[in-house]
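For reference, the structure discussed in these notes is given below.
Any value given below was found using the heavy atoms of this structure, including those in side chains, with hydrogens, waters and symmetry copies removed. To find a chain, count down the sequence lines: A is the first, B the second, and so on, and within it residues start at 1.
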2 protein chains.
Amino acid sequence: MKGILFMLLNANDTHKKIVKAAHKLFMDLGYRAVSTRRIAEACGITQPTLYHHFSNKKAIYMEVLRTELVDMKNALSRIIKRFDGDIEECLFQVTYYILINKPPSMGQMFHDIQKELDQEHQGTVRKWWMESYQEPLASIFEKGIKDHKLRDPAEIGSDPVSSAYLLLSLISSRNTDYKLKESLAKEQARLYVKVILYGLSQSNGQ
Amino acid sequence: MKGILFMLLNANDTHKKIVKAAHKLFMDLGYRAVSTRRIAEACGITQPTLYHHFSNKKAIYMEVLRTELVDMKNALSRIIKRFDGDIEECLFQVTYYILINKPPSMGQMFHDIQKELDQEHQGTVRKWWMESYQEPLASIFEKGIKDHKLRDPAEIGSDPVSSAYLLLSLISSRNTDYKLKESLAKEQARLYVKVILYGLSQSNGQ
DNA sequence: AGCGAACCCTATCACTTGATAAAATTATAA
DNA sequence: TTATAATTTTATCAAGTGATAGGGTTCGCT
């Protein structure tokens, strides 16, 4: 009755269950604060079982990061394609999506990547990160500059990539968890985009 | 020859040495990743000696936070008093100072405060934080609004406090350590202030 | 000199950590 | 059914954790 397909599904099931549980725990509490036993408990399995599906704790964390970043990459490229024309609306949609779907504390994530992973794994994650966050966001600002809707980079010293980082700084700051308050996230996103584009000053000085 | 003053100095010496070593370690690696043995080693003392000067690990961390935040508070109020007239210059000086003197990863610090401290200690730290960062920065924006150099808060939805958070988001983002590259910090500070005040847009839209 | 407090040490505790070995269980295929 | 492979279990390890007990040592004071 149960063919090879079902077996694979079973294996995949626990595999996915581990990644999902580990995802939440790692992003909530940080790499160091999450024990393998706690991950196992959250999956309803015993701790050594983890080591049948993953070689070690870091491998679990890497898989968590990979899925997180791949999902974000796909979602952002979809949004950007859809709101291609209007830069302000496009920035808003992207900002809003990230606010809703990002890990609650990206600062924690960055720290874990930098302090808990060796150089090689860091390089891999950096590649994933650039594909999922930096490049999509930078592409928006690049188009804005090309269409002369944004200042010349030389004028203010902010190329598309550093503009992307500026917006990401606003988005990823504070350990905010907007997942349950969509309207609040909308307000925040609007504010961030307004400030990034027009600033707080009364007149367009300088 | 050695009076009571010298004795106190001796005690104060190791006390200060502990706080200083713990400061660097906690801010670099995070609360969880720093063991009491490593702090002791960095001080050239044994681990149980720590417990003669502090009741437990958290007490050390609290003292580290307190000194960090008190120092920042004093420095910022001094700068703000000095550059009171020119809001852009004042923001720049404050931004530059924080970039140079802040902990390398403030996201890490926030996380530790939120996840490793109980409610009561969190409240204490929050008070210190508001006095050292939020209130000084917000006072600058408040003056700017009063002098009609900044937009009306109602217009963009950014009161002095949230304006302060916006700038702090830019400043504290990324695990940057500018301590050795002052010129780079100057560039960053200029950029942050320009963007916060005037934005990236070509014309002052909206 | 000698008392008492402050200080720092050695030795040790109970506990948690990531990881492994090997047995037990389950599912697949012949 | 039976052999084989995949999966999960129990039992256990060495290392590291925060913290404590108790014994020296040093210092100021009388």
Side-chain angles (χ1 to χ4, degrees), chain A residues 1-23 25-26 28-65 112-113 115-118 121, chain B residues 1-23 25-26 28-65 112-113 115-118 121:
Chain A
M1 179 187 177
K2 301 183 177 179
I4 191 173
L5 249 176
F6 193 80
M7 186 211 80
L8 286 178
L9 259 184
N10 261 349
N12 263 344
D13 263 8
T14 51
H15 194 97
K16 284 183 185 170
K17 214 157 53 175
I18 292 171
V19 174
K20 189 176 175 184
H23 190 138
L25 288 170
F26 280 140
D28 274 6
L29 307 171
Y31 183 83
R32 263 310 219 277
V34 173
S35 70
T36 54
R37 280 167 179 79
R38 193 155 177 194
I39 298 174
E41 185 192 22
C43 302
I45 60 178
T46 56
Q47 181 242 8
T49 300
L50 294 177
Y51 290 82
H52 181 262
H53 295 271
F54 297 90
S55 60
N56 50 36
K57 190 184 173 185
K58 277 196 187 95
I60 302 179
Y61 190 59
M62 286 293 286
E63 182 61 13
V64 164
L65 291 177
D112 287 341
I113 292 170
K115 300 288 176 178
E116 309 286 355
L117 300 181
D118 54 50
H121 290 84
Chain B
M1 178 189 175
K2 301 182 175 178
I4 192 175
L5 251 177
F6 192 80
M7 187 210 79
L8 286 177
L9 258 184
N10 262 349
N12 263 344
D13 262 9
T14 50
H15 194 97
K16 285 182 186 171
K17 214 156 53 171
I18 292 171
V19 174
K20 188 176 175 184
H23 189 138
L25 287 170
F26 280 141
D28 272 8
L29 306 170
Y31 183 83
R32 264 308 221 281
V34 174
S35 71
T36 54
R37 281 164 179 82
R38 192 155 178 194
I39 297 174
E41 187 192 23
C43 303
I45 59 178
T46 57
Q47 181 243 6
T49 300
L50 294 177
Y51 289 82
H52 181 262
H53 295 271
F54 297 90
S55 60
N56 50 36
K57 188 184 174 185
K58 278 197 186 95
I60 304 179
Y61 189 60
M62 286 294 285
E63 181 61 13
V64 164
L65 290 178
D112 286 341
I113 291 169
K115 300 289 176 179
E116 309 286 354
L117 300 182
D118 53 53
H121 290 82

For [N] and [X] - does any side-chain N or O of the residue sit under 4.0 Å from the phosphate oxygens OP1/OP2?
X	N	value
A:Thr46	D:dT9	yes
A:Thr49	D:dT7	no
B:Thr36	D:dG18	yes

Handout entry: Test side chain to side chain contact (heavy atoms under 4.5 Å, CB included) applied to B:Tyr31 and B:Lys57, step by step
Key = CA-CA 9 Å; B:Tyr31 183 83; B:Lys57 188 184 174 185; 3.5 Å; yes
Fill in the blank from the handout: Comparing B:Gln47 with A:Ile45, nearest DNA chain D nucleotide closer to 5' gives the residue A:Ile45
When the distance from [atom1] of [X] to [atom2] of [N] is rounded to whole Å, what number comes out?
X	N	atom1	atom2	result
A:Glu41	D:dT8	CD	P	17 Å
A:Arg38	C:dT17	CZ	P	9 Å
A:His53	D:dT7	NE2	P	7 Å
B:Lys57	D:dG16	NZ	C1'	12 Å
B:His52	C:dC8	NE2	P	7 Å
A:Phe54	C:dG18	CZ	C1'	16 Å
A:His15	D:dT7	NE2	P	11 Å
A:Tyr51	C:dA23	OH	P	22 Å

Problem - Polar side-chain contact B:Arg37-D:dG18 base: donor and acceptor under 3.5 Å - result: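 Indeed there is one.
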Handout entry: Rounded distance (nearest 0.5 Å) linking atom CD1 of A:Ile39 with atom NE2 of A:His23
Key =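 Those atoms lie 12.5 Å apart.
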Problem - Rounded distance [0.5 Å steps], CG in B:Leu117 versus CG in B:Asp112 - result: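 Rounded to the nearest 0.5 Å, the CG-CG separation comes out at 8.0 Å.
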Practice task
Please check if the distance between the ring centroids of B:Tyr61 and B:His121 is under 6.0 Å.
Solution key: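 Not under 6.0 Å, so no.
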